[in-house]
Amino acid sequence: QDGNEFATRMLRGEYSLAFTASSSSEEGLTELKAKLQQQMSLLMRAGTKDFAKRSSSVATSSEDLELYSKLYTRNNGDLSAIATSLGVSEELLKKNTPSDAQDFARKLLQ
């Protein structure tokens with residue numbers, strides 16, 4: 001049997017998963033389900049934050065404002081250089097041109 005024949009048969013669905021230690025696929029499915037339930041019982045729920053629901057009135061941290069203000073100052077307000085360092089398009093930053101470093105940081109974090 002060559003590779004093409006194997007691939008053709010595989011795509012036709014002629015091969016199925018073999019379950020170990022079972023004599024039929026029904027027993028194999030039962031075994032698989034039991035193993036999945038066992039593993040699910042070991043999982044722990046993770047806490048997540050929903051940023052989509054976050055209100056725009058939530059205060060931005062002063063550290064973030066300071067960080068981006070310094071970036072603006074360090075690049076002498078050159079939006080092209082800032083865009084390159086942030087990995088964003090220059091046009092995006094120029095849509096709402098900032099008046100100073102603080103304004104830049106506030107607009108960036110909005």
Side-chain angles (χ1 to χ4, degrees):
Q1 189 180 49
D2 67 354
N4 287 333
E5 183 180 350
F6 171 77
T8 302
R9 286 184 175 197
M10 180 74 164
L11 292 173
R12 277 193 214 139
E14 293 182 21
Y15 300 107
S16 63
L17 295 174
F19 295 97
T20 58
S22 65
S23 59
S24 73
S25 57
E26 184 71 30
E27 288 175 3
L29 289 174
T30 303
E31 182 183 334
L32 179 61
K33 184 177 179 182
K35 286 182 180 181
L36 284 173
Q37 287 175 337
Q38 179 186 13
Q39 288 300 313
M40 285 175 49
S41 70
L42 300 174
L43 296 175
M44 296 178 359
R45 180 163 298 279
T48 58
K49 294 180 182 180
D50 189 357
F51 290 104
K53 293 182 180 178
R54 191 172 92 173
S55 169
S56 61
S57 64
V58 173
T60 305
S61 77
S62 59
E63 292 96 16
D64 290 341
L65 287 169
E66 185 178 344
L67 175 75
Y68 291 112
S69 293
K70 286 181 180 180
L71 175 67
Y72 182 90
T73 303
R74 199 170 42 246
N75 286 286
N76 297 316
D78 181 357
L79 295 180
S80 178
I82 295 169
T84 300
S85 68
L86 292 175
V88 298
S89 71
E90 186 177 349
E91 291 78 29
L92 181 67
L93 297 179
K94 286 184 176 181
K95 277 185 181 179
N96 201 358
T97 306
S99 58
D100 59 21
Q102 286 293 318
D103 187 43
F104 170 77
R106 274 192 304 277
K107 288 178 179 177
L108 185 66
L109 295 171
Q110 281 182 341

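Just so it is clear, the structure is predicted and the values come from calculations on it, not from any experiment.
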Roughly how far, to the nearest 0.5 Å, is CG of Leu67 from OG of Ser61? 9.0 Å
Might you work through the side-chain contact (heavy atoms from CB on, under 4.5 Å) test for Gln39 and Lys35, ending with a clear yes or no? CA-CA 6 Å; Gln39 288 300 313; Lys35 286 182 180 181; 5.7 Å; no
Using 0.5 Å steps for rounding, measure from the CZ atom of Phe104 to the CG atom of Asn75. 8.5 Å
Closest heavy-atom pair and its distance - Thr73, Ala101: OG1-CB, 3.6 Å
Drop me the distance from Asp64's CG to Ser69's OG, to the nearest 0.5 angstrom. 10.5 Å
Non-hydrogen side-chain atoms of Asp103 and Thr97 separated by less than 4.5 Å: no
State plainly whether the residues Glu66 and Lys70 are in salt-bridge range, i.e. N to O under 4.0 Å. yes
Just one of Leu92, Val88, Asn96, Leu86 clears the side chain to side chain contact (heavy atoms under 4.5 Å, CB included) bar with Leu108, so which one? Leu86
Measuring from Gln38:CD to Leu42:CG, what's the distance to the nearest 0.5 Å? 6.5 Å
Can you name the side-chain hydrogen bond (donor to acceptor under 3.5 Å, both in side chains) partners of Lys94, sequence neighbours left out? Glu90
Ser80 vs Leu93 side-chain heavy atoms within contact, under 4.5 Å: no
Only counting residues at least two apart or in another chain, list the ones meeting side chain to side chain contact (heavy atoms under 4.5 Å, CB included) with Thr8. Arg12
For Ile82 and Leu71, the nearest pair of non-hydrogen atoms, with its separation, is CG2-CD2, 3.9 Å
Going through the checks in order, is the salt bridge (charged side-chain N to carboxylate O under 4.0 Å, His left out) test met by Lys95 and Glu91? CA-CA 6 Å; Lys95 277 185 181 179; Glu91 291 78 29; over 6 Å; no
On a heavy-atom basis, which atom in Asp100 and which in Tyr72 lie closest, and how many Å separate them? C-CE2, 3.7 Å
Inter-residue atom distance Met40.CE - Lys33.NZ, 0.5 Å rounding: 10.5 Å
